[in-house]
Protein chains: 2
Amino acid sequence: MATARVRRPVSRAPLTRGRLLRAAVQLADKGGIESLSMRRLGQKLGVEAMSLYNHVRDKEDILDGIVDVVVGEIELPPAGNDWKTSMRQLVLSARQTLLRHRWAPGVIESRKTPTPALFRYFESVLGILRRGGFSTDIAHHALHVMGSRVLGFTQELFDDAEQAGPSSEEAALLAGRMAKQFPYMTEMAMAVSHGEGLGGCDDDVEFAIALDLILDGLEKLRTAA
Amino acid sequence: MATARVRRPVSRAPLTRGRLLRAAVQLADKGGIESLSMRRLGQKLGVEAMSLYNHVRDKEDILDGIVDVVVGEIELPPAGNDWKTSMRQLVLSARQTLLRHRWAPGVIESRKTPTPALFRYFESVLGILRRGGFSTDIAHHALHVMGSRVLGFTQELFDDAEQAGPSSEEAALLAGRMAKQFPYMTEMAMAVSHGEGLGGCDDDVEFAIALDLILDGLEKLRTAA
DNA sequence: ACCTGAACACCGTTCAAGT
DNA sequence: ACCTGAACACCGTTCAAGT
C-alpha cells in the first residue's frame, strides 16, 4: 500500500453522524477493520481527525455505530410462514449481509453491550421461535444452540489451507511429512480438492447442510416438550 | 489502570522464544489482547522492546506463537471409546482451555494460516470421525457443521444484557419501552433471570445441550450414508 | 456550533551502534 | 550473539484557540 494517497476533499455536504458512519463502513469494507483510523476517516471525509469528535464520542462509539449500520442491513423475513422457513430465510439473509462486511462478526463480538439493531435481530429470531410453538425455555436453548461455537472458534481458515507451495519439489517433500503426521487431514484435503465435486468446497452448500442439521435438531427439541 | 507500573526486572534466565511466548500469554490473560504490546512485553521480561525482535519476527509471529501455546493446551481424549464420547471429551476440553484464555478465539480467527497446534487439533477431530465410521465426505460436512456460526456471530454478549440500570425509576421507564418494542426478548429475560432455575442461565448446561444436539445430528448424517 | 494546531501518551519497527 | 538509543511513521484523544 505504497501508492500515493490522494483524496478528493469530498462534497461539502454537512458532516453528520450518519455520513461519518457510512464512510467508516466503506473504509472497513475496502481495507479491513485495521485500516479504520480516526485520521484516515477524517481524510476520507475532507476533515481533520479531531473534528470527528463533534459527532461521535470516541472510536468505540464509531464501532458501535458501524455494527448498527451493518446489522440493520439484515433483511427480516415476511410473516406468515412456518418457523423453519422463516428462520432459514433470516439466517441466510444475515449470512449474506455479513459476507459483504467480513470484518463485522469480530467487531460485533467485541461490543460490550448489544446495539439497537442487534436487539431487533434477536427479537426477530425469538419471535420466529415463539410464534412457531417453542416455549420460552426451549427458545432460550435454541438461541444458545445457534450462537455457540462447538470447536471453540470458527474455522474459515481451514478452507485456504491447501495452497501450492513455492517450489514443487519442496512442496512434495513437505506434503510427505504432512501425510505422515496428519494422515486424516491429508486424506480430506485430497478428497475435497480433486474429489467428485467441482474441486474446492462450496461454502454455501456446507453452510446450508449445517443450518438444516441444526434446524432439524431444534424441531426435535420443540416436539419433545 | 492508573496504578504505578512497577516491574521486577525478572530473573536473569536467558530470553528465549518460549519464555517470551509464555509471558505474552500471561499478559493477554491478565489484561486482554489489547494490553499485549511489544513495549509492555519487553518490560515484563526486563528487556527493551527492540530486543524481542531477536527471538521473534514481528508481532504477528507472537500472535501465531501464543495461539500455538494455547491450542497446545487442549487435552486430546484417550483412544478406545466410541466417536461420540471422544468428540464430547475433546470439544469440552477445548472449551475449558479457551475459557482460561478468553482472547484466544478472536486471535485464532485472525490467523491467515493454521498453526501446527491447530493442525494437531483438527487432525484429532477428523481422526475421531473417520475411525467412528464417517466417510471423508461426511466427515468434511461434520467439520463445517461444528465450525459454522449460524447466527453470523457468537452471542455471549446477550448473556450480560440484563443489568440493573442506574436509577430504579429510570430503569422501569426504559424497561417499559423495551417491553413494547422487544416483547419476546423481555419475556425471555424475565424467564431466565428469575425463572424456575437458579436465576441467570448456566452457560455450561446450555453448551452441553447445543453440543448434544449437534452430535445427534452428526450421528444421523453418518447412518444415512 | 463546528473545526483546527499543537501536544500528549502511546503504538510497531528499523538500524546503526554498542557489549 | 544479543541488546539498546534514537528515530520514523503511525495511533486515539484533549484542549485552547480560531471562525
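Below, chain A is the first sequence line, B the second, and so on; all start at residue 1. Note that this is a predicted model, so its numbers are computed, not measured. Any value given below was found using the heavy atoms of this structure, including those in side chains, with hydrogens, waters and symmetry copies removed.
- For B:Lys30 (side chain) and B:Ser35 (main-chain N/O), no donor-acceptor pair under 3.5 Å exists by modelled atom type.
- The nucleotide whose nearest atom lies closest to any side-chain atom of B:Met50 is, among D:dC3, D:dG5, D:dG12, D:dG5.
- For B:Arg102, the side-chain contact (heavy atoms from CB on, under 4.5 Å) partners are B:Leu99, not counting sequence neighbours.
- Rounded to a whole Å, the NE2 atom of A:His55 is 18 Å from the C1' atom of D:dG12.
- Of the two residues contacting DNA chain C, namely B:Asp58 and A:Ser51, the nearest-nucleotide position lying further toward the 5' end is that of A:Ser51.
- Between A:Asp64 and A:Arg111, at least one side-chain nitrogen of the basic residue sits less than 4.0 Å from a carboxylate oxygen of the acidic one, meeting the salt-bridge criterion.
- For the pair A:Leu52 CG and C:dC3 P, the interatomic distance rounds to 9 Å; values are reported in whole Å.
- Under 3.5 Å, the side chains of A:Thr136 and B:Glu187 contain no donor-acceptor pair of N or O atoms.
- Which of D:dC2, D:dT13, C:dG12 sits closest to the side chain of B:Lys59 comes down to C:dG12.
- For A:Arg40, a side-chain nitrogen or oxygen approaches OP1 or OP2 of D:dC11 to under 4.0 Å.
- Place A:Glu48 and A:Arg39 on DNA chain C by their nearest nucleotides, and A:Glu48 ends up nearer the 5' end.
- Here D:dA9 sits opposite no nucleotide as a Watson-Crick or G-U wobble pair (both hydrogen-bonding atom distances under 3.5 Å).
- Computed from coordinates, the B:Tyr53 OH to D:dG5 P distance equals 16 Å when rounded to whole Å.
- To the nearest angstrom, C1' of C:dT13 lies 12 Å from CD1 of B:Ile62.
- When both pairing distances are held under 3.5 Å, D:dA16 makes a Watson-Crick or G-U pair with C:dT4.
- Using cut-offs of 30° and 60° on the angle between ring planes, the pair A:Phe153 and B:Phe122 is perpendicular.
- Among the nucleotides D:dT14, D:dG12, D:dC3, the one closest to the side chain of A:Met38 is D:dG12.
- In this entry the distance linking CZ of B:Arg57 with C1' of C:dG12 reads 14 Å, nearest Å.
- B:Leu15 places its CG atom 14 Å from the C1' atom of D:dT4, with the value rounded to the nearest Å.
- At whole-Å resolution of the value, CG in A:Leu63 and P in D:dC11 are 15 Å apart.
- For the pair A:Gln43 CD and C:dT4 C1', the computed distance is 16 Å after rounding to whole Å.
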